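Let me begin by presenting the structure, written as structure tokens, before commenting on it.
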Number of protein chains: 2
Amino acid sequence: MRLLPHPATEDIELTEVLRALADPIRLKIVARLATVGEMTCGEATDHLGVHKSTASHHHRALREAGVVYTKQEGRLKYISLRRYDLDARFPGLLDSVITASGDHRAVAASGERGRD
Amino acid sequence: MRLLPHPATEDIELTEVLRALADPIRLKIVARLATVGEMTCGEATDHLGVHKSTASHHHRALREAGVVYTKQEGRLKYISLRRYDLDARFPGLLDSVITASGDHRAVAASGERGRD
DNA sequence: CGCATTGTTTGACAACCACCAAACAATGCG
DNA sequence: CGCATTGTTTGGTGGTTGTCAAACAATGCG
């Protein structure tokens with residue numbers, strides 16, 4: 001049910017993934033996905049403090065980099081981490097990033113806007 | 001002998017590190033440092049295929065993000081990975097990136113011989 | 001079908017980035 | 001001191017990015 005363009009596992013590139021993760025907003029999305037497993041785009045947007053079009057832009061960036069998988073169900077779109085694929089391609093990378101983003105204020109520090 | 005501005009270990013930020021690593025040229029530098037341990041800026045530049053001012057720009061980006069340490073000896077400047085600091089702050093991150101960059105050809109573009 | 005909900009796309013704009021070239025700075029050597 | 005070596009800084013340029021607002025598209029409900 002892949003209605004949206006997702007890169008194949010073998011086409012996921014390291015620099016693309018790193019670039020996708022190198023943004024406070026997107027890191028926030030990833031960190032949240034790591035705990036909730038899955039959420040709708042709208043639910044994700046509510047926790048970001050940016051315009052919905054901006055959130056959509058970030059969701060696409062993550063999807064096109066191969067970091068998240070997006071599936072549609074009715075009017076909603078659910079996003080989730082492509083853990084299996086990422087682990088297969090870049091072992092340990094996602095885990096270390098998620099762990100790092102969960103500690104201290106590594107994420108909040110650069111992207112905070114007092115709206116969390 | 002820190003003549004150049006290096007961030008303190010606790011000031012190294014995840015997004016900054018990821019941002020620094022999310023570039024093919026800088027990833028190449030990091031991958032090379034992972035094998036040779038230390039090299040001069042000039043030696044690094046020779047393997048990049050970009051202008052020396054561009055290389056200098058990348059070296060600074062890596063240094064300011066806290067990824068590499070730069071020390072001066074005479075006319076030369078040696079750069080090396082801040083493995084210990086990065087491991088302390090973001091366990092496993094650097095290793096996973098180095099491993100990932102070593103696998104596929106994402107990084108290797110110009111013939112280089114690493115001892116791996 | 002009409003309409004609200006959910007999310008995307010487009011346009012516009014400011015900020016940033018990678019790159020080169022040339023000038024500059026710092027260091028050591030003769 | 002004069003000069004070559006090593007690397008940085010500055011200026012300029014084209015491309016990318018993050019952001020919002022507004023229009024658009026798709027879906028399900030009454």
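As the structure is a prediction and not an experimental result, all values here were calculated from the model. In what follows, chains carry the letters A, B, and so on, assigned in the order in which the sequence lines appear, proteins first and then strands, with residues in each chain numbered from 1.
Here the NE2-CG distance, from His6(A) to Asp11(A), works out to 13.5 Å after rounding to the nearest 0.5 Å. For the atom pair OG of Ser96(A) and CG of Leu86(B), the computed distance is 11.0 Å after rounding to the nearest 0.5 Å. The CZ atom of Arg32(A) sits 10.0 Å away from the CD1 atom of Ile79(A) when rounded to the nearest 0.5 Å.
For the pair Gln72(A) CD and dA25(D) P, the interatomic distance rounds to 16 Å; values are reported in whole Å. The interatomic distance linking Ile29(B) (CD1) with dG7(D) (P) rounds to 13 Å, in whole Å. In this structure, Leu21(B) atom CG and dA18(C) atom P are separated by 12 Å, rounded to whole Å. Across the protein-nucleic acid pair, Arg63(A) atom CZ and dG7(C) atom C1' stand 11 Å apart, rounded to whole Å. We find that NZ of Lys28(A) is positioned 11 Å from P of dT19(D), with the value rounded to whole Å. Nucleotide dC29(D) holds its P atom 7 Å from the CZ atom of Arg75(A), rounded to whole Å. Asp23(B) places its CG atom 6 Å from the P atom of dC19(C), with the value rounded to the nearest Å. The distance between atom OH of Tyr78(B) and atom P of dT8(D), rounded to the nearest whole Å, is 14 Å.
Under the side chain to side chain contact (heavy atoms under 4.5 Å, CB included) rule, Leu18(B) has a single partner from Val97(A), Val17(A), Asp23(A), which is Val97(A). The side chain to side chain contact (heavy atoms under 4.5 Å, CB included) with Arg82(B) is formed by just one residue from the set Val68(B), Ile12(B), Val67(B); it is Ile12(B).
The phosphate of dT9(D) has OP1 or OP2 within less than 4.0 Å of a side-chain N or O from Arg60(B). Side-chain nitrogen and oxygen atoms of His57(B) include none within less than 4.0 Å of the OP1 or OP2 phosphate oxygen of dT9(D).
At least one donor-acceptor pair closer than 3.5 Å links the side chain of Arg89(A) to the backbone N or O of Glu10(A).
Lys52(A) and Thr45(A) get closest at one heavy-atom pair: CA-CG2, 3.9 Å.
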Pairs under 3.5 Å (N/O, protein and nucleotides 20-22 of chain C):
{"unit_1": "dC20(C)", "atom_1": "OP2", "unit_2": "His51(B)", "atom_2": "N", "d": "2.7"}
{"unit_1": "dC20(C)", "atom_1": "OP2", "unit_2": "Thr54(B)", "atom_2": "OG1", "d": "3.0"}
{"unit_1": "dA21(C)", "atom_1": "N7", "unit_2": "Ser53(B)", "atom_2": "OG", "d": "3.4"}
{"unit_1": "dA21(C)", "atom_1": "N6", "unit_2": "Ser53(B)", "atom_2": "OG", "d": "3.0"}

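Closest to the side chain of Ser56(B), from the set dT19(D), dT8(D), dC17(C), is dT8(D). Ranking dT9(D), dG7(C), dT8(D) by closeness to the Lys77(A) side chain, first place goes to dG7(C). Of the candidates dG7(D), dC19(C), dG18(D), dG7(D) carries the atom nearest the Cys41(B) side chain, counting heavy atoms from C-beta on.
The shortest distance between side-chain heavy atoms of Tyr78(A) and Glu73(A) falls below 4.5 Å. Contact of the Leu94(B) side chain with the Val30(B) side chain is registered, since non-hydrogen atoms from C-beta on lie closer than 4.5 Å.
Residue-level contact check: Thr45(B) touches neither bases nor backbone, having no heavy atom under 4.0 Å from any strand.
In DNA chain C, runs of at least 3 consecutive Watson-Crick or G-U pairs, each pair with both distances below 3.5 Å, span C:1-30 with D:1-30.
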